[in-house]
Amino acid sequence: MKGLLRAEFTKFRSVRGWVVGCGVAVVLMLFFAVLAGAGTSDRGGGPRGGGAPPKGPDGTPVVDGFTFVRQPLPADGTLTVRVADLTGTDLPPPRPGDDGAPPAPAEPERPGPAEAEPWAKAGLIVKAGTTPGSPYAAVMVTGDHGVRMQHDFVHDLAGPADARWLRLERKGGTVIGYASADGAAWTRIGTAALATGEVEAGLFVATPPHEEYDQFLGGTSSIGGKVIATGTFEHLTATGTTGDWETEIVGADPSAGRPDVGATRTGDGFTVTGTGDIAPAGGGAGPKLEQTLVGGFAALTVLAVLGVLFVTTEYRRGLVRTTFTATPGRARVLAAKAVVIGAVTFGVGLVASAAALLIGEAVRGGDPYPVAVSTQVRIVVGTAALLAVAAVFAVAIGTILRRGAGAVAAVVLLTTLPYILSVAAVLPAVPAQWVLRLTPAAAFAVQQTVPEWPQVHQAYTPAFGFFPLPPWGGFAVLCAWTAAALAIAAVLLRRRDA
Amino acid sequence: MGTALHAEWTKLRTVAGPYWLVATAAVLTAGLSAATVAAVTCADTGCGLDAPRIALTGVQIGQAVVAVLAVMVVGDEYRTGMIRTTLAAVPSRVAVLAAKGVVVAGATLAAAVPGVLGAWLAGRLIMPGQGFTAAHGYAPLSLTDGPTLRAVAGSVLYLTLVALLSLGLAAAVRDAPTGVGVVLGVLYLAPILAAVVSDPDWERRLRQITPSTAGLSVQHTLDVASLPIGPWPGLGVLALWAAGALLLGGLLLRFRDA
């Protein structure tokens with residue numbers, strides 16, 4: 001086998017055009033990274049618009065805006081309240097669709113109380129300060145998702161769905177959340193760490209805007225509008241707090257100038273109106289780090305040609321008869337070819353994608369969604385692995401078809417066209433997701449960097465960079481196609497005359 | 001020229017490959033269109049979807065098969081060494097390329113006309129069941145409707161121009177697999193790049209100058225004025241690319257040893 005690998009490697013490296021092809025793949029990858037980087041701007045902004053979002057305690061970009069009825073809490077203490085009601089109100093006019101989308105159908109104006117948004121929140125919060133992005137722990141009633149305990153934006157725990165009574169207990173560096181249906185029997189939901197020292201504690205109400213997304217031929221659209229939620233609190237008790245209840249609009253956009261939210265005291269509680277959200281920022285619409293690797297498609301096309309030629313050239317020149325005379329085990333020849341082309345293209349892909357990421361980062365405009373180093377390593381290695389497996393796939397298809405032109409077209413059509421149809425927003429979201437589950441293009445999931453948050457309502461569709469399969473799950477789809485193609489190729493290779 | 005044309009026609013029709021490719025192009029074009037049409041629904045009044053364009057999605061896959069056909073007309077001759085016989089018989093290399101262009105265009109039309117008409121028919125038959133009804137503001141796709149006719153006829157022309165572009169590039173690179181790689185790169189990378197580039201000026205410029213995105217603007221029937229490039233000028237951009245590729249291929253053919 002060692003001699004066989006060496007023979008195949010010699011065949012590869014001694015053809016000048018193929019070595020040049022590897023170089024072309026790298027150059028194209030870098031060229032596209034520069035184009036994508038330079039052509040990226042944050043003009044237009046994300047769905048929440050304007051400026052860099054605040055960062056949460058762990059560096060995740062977050063949305064942090066709500067109406068806060070608060071008292072200072074110097075040390076330990078307990079807050080208890082009953083959320084009597086949580087409703088929403090649409091604010092006319094609805095926001096028109098984004099970028100070239102069809103005009104949104106006029107939504108009927110819904111004056112007065114309406115159903116709250118699924119992730120509208122009303123409850124108790126202890127927060128290190130009123131600066132957006134500061135650590136917090138909160139327990140809340142939501143519009144559609146029952147009682148939740150959330151802390152530091154990214155952590156979300158479900159509590160009893162039908163509870164209306166909420167309690168937050170602060171003990172030293174820990175905050176414990178409770179919920180209850182009747183105010184007597186309490187269920188502990190979870191705990192969160194919060195630094196000791198004086199914090200702000202009280203009631204809050206927030207609601208994300210009403211948004212419905214879809215992707216259409218040639219674009220994406222979102223319809224919806226700002227919403228105000230109203231939370232009615234009663235039986236409010238607080239121990240350990242000092243001073244009077246004060247109302248503050250956290251994270252208010254000064255340019256918006258909408259003093260239409262606030263709080264009024266009612267008996268033993270408050271009626272609080274609020275808008276905004278306390279959650280990780282979605283990141284679907286903004287620039288993304290994987291855009292620097294868009295040249296992967298160009299590199300894939302080049303490497304697919306190389307993979308196909310690695311097989312079909314032998315048939316064209318008649319060298320294949322010499323090869324099979326030297327090594328009668330034809331499946332072993334195929335395996336050696338796959339190993340050689342896979343190893344070479346993995347190395348080329350690794351160099352190309354690492355360099356593309358660095359160069360794209362250097363020239364890009366606008367801040368992409370921040371990505372952990374481990375994720376950056378995953379997208380670089382994943383892209384290299386994708387290119388390598390795609391090249392092996394090309395070897396297998398080339399062996400099956402034995403005609404270079406058709407084989408190249410088949411590989412490119414199976415890997416690139418599904419991506420164009422589903423990501424460049426030709427298909428609606430649901431068929432697009434099925435295409436990206438079933439075709440080899442699913443492998444581009446290894447490039448996804450923006451996480452999906454169950455507690456954030458946004459369009460998790462391919463057009464916004466969200467793949468239906470997890471990164472390595474998508475990659476496994478390509479591997480399965482390749483394994484099947486290799487198996488068919490091995491059978492045909494043995495049965496057919498060379 | 002007449003003999004060159006006759007020779008090219010004989011070479012094309014006496015092997016099985018082109019027949020298969022013509023049939024594949026037509027079937028895939030109509031088939032992808034039918035699948036797309038079946039996947040897209042119009043939920044409410046004014047859903048804003050461009051019905052003829054959805055029905056013509058199949059051109060996205062048909063163009064690849066047409067490109068393979070055109071590339072193989074040149075590539076196979078180099079693969080087998082036939083090109084030397086051809087050039088010995090017809091010493092005027094420009095005439096050879098011109099004859100190949102005519103034959104390729106004819107074969108492409110034989111694939112594009114049934115393929116695109118099949119796509120149109122799929123749209124006409126399936127779309128009313130998907131909510132594209134009069135109540136939602138859609139009439140059944142009709143070839144007597146000006147913009148629809150433009151989209152359908154334009155798609156046929158688009159495929160023909162893609163074939164000529166492929167022929168020119170194939171004459172330049174001479175190797176069929178490489179030629180297919182180059183052509184598909186040129187056609188498919190542009191829409192991906194345009195989707196990634198977020199600067200509106202860059203995106204608009206990309207959509208104006210790249211052959212596939214500019215050429216396919218001929219399929220638009222709604223809000224044509226706001227497109228980066230109009231339907232016919234867009235097809236014109238593709239025609240310029242095809243002419244450029246043929247010029248490049250012709251010059252290389254003329255001045256290089258075969």
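Letters go in sequence order (proteins before strands), and every chain restarts at 1.
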Can A/Arg437 be said to sit on top of A/Trp434's aromatic six-ring, NZ or CZ under 6.0 Å from centre and within 45° of the ring axis?
yes
A/Thr312, A/Thr416, A/Leu413: which one forms the most heavy-atom pairs within less than 4.5 Å of chain B?
A/Leu413
Answer with yes or no after comparing the ring centroid distance for B/Tyr188 and A/Tyr419 against a 6.0 Å cut-off, counting only values under it.
no
Which residue out of B/Val71, B/Thr24, B/Ile61 racks up the most heavy-atom pairs below 4.5 Å with chain A?
B/Ile61
If every non-hydrogen atom of A/Val19 is compared with every non-hydrogen atom of A/Phe12, which pair is closest and at what distance?
CG2-O, 4.4 Å
Considering only heavy atoms and a distance below 4.5 Å, find which of B/Leu222, B/Val65, B/Leu193 pairs most often with chain A.
B/Leu193
Using a cut-off of under 4.5 Å for heavy-atom pairs, which of B/Val197, B/Asp175, B/Asp76, B/Ile192 has the most such pairs with chain A?
B/Ile192
Any idea which of B/Gly181, B/Gly17, B/Ala195 has the most non-hydrogen atom pairs under 4.5 angstrom with chain A?
B/Gly181
A/Ala36 backbone acceptor or donor facing B/Trp202 side chain under 3.5 Å
no
Which bit of A/Leu35 comes within less than 4.5 Å of chain B, counting heavy atoms only: side chain, backbone, both or neither?
both
Shorter than 4.5 Å, heavy atoms on both sides: which option in A/Gly406, A/Gly404, A/Pro431, A/Ala410 has the most such pairs with chain B?
A/Gly404
Which of these passes side-chain contact (heavy atoms from CB on, under 4.5 Å) with A/Val24: A/Val27, A/Val26, A/Leu28?
A/Leu28
Check A/Gly398 against A/Ala407 and note the closest heavy-atom contact, atom names and distance.
CA-CB, 3.8 Å
Given a strict heavy-atom distance threshold of 4.5 Å, which part of A/Ala409 is in contact with chain B: side chain, backbone, both, or neither?
both
